[in-house]
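Reading through the structure tokens given below for one structure.
What you see is a predicted model, and the numbers here were worked out from it, not measured in a lab. Position 1 is the first residue of the sequence; numbering continues from there.
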Amino acid sequence: MPSGRNPCLSIGFENILTFQSGPESVASKVKLSRIRNTGIVAHIDAGKTTVMERILYYTGRSYKMGEVHDGEAVMDWMPQEQERGITITSAVTTCDWRGYEIHLIDTPGHVDFTIEVERSLRVLDGAVVVFSAVEGVEPQSETVWHQADKYGVPKTAFINKMDRVGADFFHAVGMMKERFVSVPLPVQIPYGEGENFGGVVDLIRGKLIVWQAETLGAAFDLLDIPDDFMQAFETHREKMIETLAEVDDEVAERYLTGAEVKEDELLKAIRRSTISLKLVPVLCGSALRNKGIQPVLDAVVNFLPSPQDIPAVEGFNPRTKKSETRQSREDTPFCGLAFKVSMMEGRKNTYVRIYSGRLKTGEEVYNATRGKKEKIARLLKMHANKRERIDIAGAGDIITVVGLKDTMTGDTICDETHPIVLEPIEVYNPVISQAIEAKTPADQEKLQPALEKLMEEDPTLRLKYEDETAQTVISGMGELHLEIVIDRLTREFNTRVNVGKPRVVYRETIEKSAGVEGRFEKELGERKHFGHVKLLLEPNRRGGGTEIIDELKIEDVPVEFHTAIEEGISEALLSGVIAGYPVMDIRVRIIGGSFKEGEASPVGYRIAASTAVKEGCAKAGPVLLEPIMKVDIITPSEFMGEVIGDINARKGEIQSIEPKGPISELRARVPLRALFGYSTDVRSLTQGRATFTMQFSEYDRT
């Protein structure tokens, strides 16, 4: 009976790809084809950090397994993460598997920290999506899946918690088929479920894999498939080949002629189909019971792309404004994207994905986004919050740079002689605010600098000072988000604050059309300033955003003043006429104006346009819009009546109810203002047995 005794060896698939022979040492710089930039993403509590801890142990990166419930997970290094048992910030590490260098990012599952997932997926080449075998596809699972789809990131799926009561592998796969465009391809099936879960059946190799408990899953046995399970194996293997044949011509040709599809052919076809986003290989196991992790590492190496497999990164030259690309090679001009900023021990660390060229300590780089030169003080490879100094990094690497003073999340750094600006990272708008004030004058001195550092790290955190109330107001993605910010102010920056109640961040819009005229004619300083515009304000569709349409004739107002008019409109829309909230879903047409030789000025037109917008909003039926949240509640079925009644009392709208055996999943749309403290309320209603998640859906009428 063959068995795998070394946690740093593959359980198979060693010969499926053709590379240059000879294993490379971990210390040496591996070739691009042997690099994998991969993220672990999932819904909260799907077991993603537990999977990551096993990966670190089996690859020899950690000497012991850290457990989330003990607050000892290596990747959850922040005190706030250890206390709450959740991941808050994405953490980067590098490990070695079969001579491949895998750069791994562990991301949060809580929706309040979805920016961490967004900016990680922006720079990753592949992702492992973890699902719970009991709950299947959960709301945040859908969110991270669609985020990966947006950036064209190939995925492999791992259905975790197969040892739990209620685990159902095929139900989870069925949910993936229903909710995602991608086609799931099971390459393993479980050998038993729940308390009878004993291992996994490998549909490609035709073997039963059983892990040895006494070695903490580091050793495993490859067994022949038992006779009583052979029919299930043959059925599901045939389905796997059929699915592959639908998307891969080589497999289709052999399948249709009745020829046997060999193991190496299957693996190459799955790799091709995964990288081209046609299929998602699905594996299963139980991370907590140390079963199923080595095949996940094999899937990362065998199925997910290297930097060479992804298309050339696209951007534009800031000088010529023409589109350009960069191939992932070290002999091309340097180009990298800053995707995360972190303050550690008072120093600014900037996480950078290098797409092309090489970067050395002491070099000067050019921030093409901001048009500034920066100096590389140090290069670091990260293992969670531990750092290892390096002198050089190249294409495909994910590293941390010390010394970039002005570089922020989403900025492109590059070779100044070959500038390029890459696609930035999308940042979400906050939906909840909270007033804070320093407890003492000493705290007041530290508050502003501390908040500025936190905002550098987190682009979804916003700061505003309200003159009328003399309050500092912070805005974020949810109650937990703001709670963590306030906790960090106290712990990391020794800044104590008094905290007000959370408040909803509203928006304003209009419901009618209105034509208005704005005229400014005044002497400021030693010269006269003139501006005159005619605007038509119209409501836009909900979620349509702000549109400014320039229909001005050059003979009415010279073209050099058009930009000033648009700036005046944009400034006026930052503060509405009802309560000073930003105006959204509005279309402003610039339809006319006039010009005075010698008196017309950009200032005059800017003020005239701003005044006209304010007057027009007041005439056009202004209304308040409030954030509506998508709420997903998983509750024991016997409490469904109480949960539904409570949602209705909060003016919520039930959208679907899906029974899943002893539990039910309820989806609803609920105004954010009705959800403060809901975590406590829903636990009270269900004897502490329900869980829920919420995320921003849209703005709608109050």
task: From the options Arg353, Gln308, Arg36, select the one residue that forms a side-chain hydrogen bond (donor to acceptor under 3.5 Å, both in side chains) with Asp125.
output: Arg353

- prompt: What closest approach, in Å, do Thr407 and Ala338 show between heavy atoms, and which atom pair accounts for it?
  reply: CG2-CB, 3.6 Å

- prompt: Side chains of Asp96 and Ile102: closer than 4.5 Å at any heavy-atom pair?
  reply: no

- request: Give a yes or no on whether the backbone of Leu244 and the side-chain of Asp248 come within a donor-acceptor separation of less than 3.5 Å.
  value: no

field: Ile204 and Leu267, any side-chain heavy atoms less than 4.5 Å apart
entry: yes

field: Cation-pi check, Arg61 onto Tyr57 ring (under 6.0 Å, within 45° of axis)
entry: no

message: Using 30° and 60° as the class boundaries, would you call the ring planes of Phe131 and Trp145 parallel, tilted or perpendicular?
response: tilted

message: Side chains of Arg378 and Thr361 only: does a donor on one sit below 3.5 Å from an acceptor on the other?
response: no

query: Side chains of Arg326 and Ile420: closer than 4.5 Å at any heavy-atom pair?
result: yes

query: Do Trp211 and Gln294 have side-chain N/O donor and acceptor atoms under 3.5 Å apart?
result: yes

task: If a pair satisfies salt bridge (charged side-chain N to carboxylate O under 4.0 Å, His left out) and one of its residues is in residues 281-290, list it, with sequence neighbours excluded.
output: Asp163-Arg289

query: Do we get Arg34 above Tyr100's six-membered ring, with its NZ or CZ under 6.0 Å from the centre and within 45° of the axis?
result: yes

query: Does the side chain of Lys360 come within less than 4.5 Å of Glu363's, by heavy atoms?
result: yes

- prompt: Among Glu374, Glu456, Glu457, which residue meets the salt bridge (charged side-chain N to carboxylate O under 4.0 Å, His left out) test with Lys348?
  reply: Glu456

field: Between Phe170 and His236, ring centroids under 6.0 Å
entry: yes

- prompt: Do His481 and Glu483 have a side chain donor and acceptor closer than 3.5 Å?
  reply: no

Electrostatic pair Glu53-Lys48, nearest N-O below 4.0 angstrom: no

- prompt: Between the side chains of Thr400 and Asn349, does any donor sit under 3.5 Å from an acceptor?
  reply: no

task: State whether the side chain of Asp397 and the backbone N or O of Gly394 hold a donor-acceptor pair below 3.5 Å, judged by distance alone.
output: yes

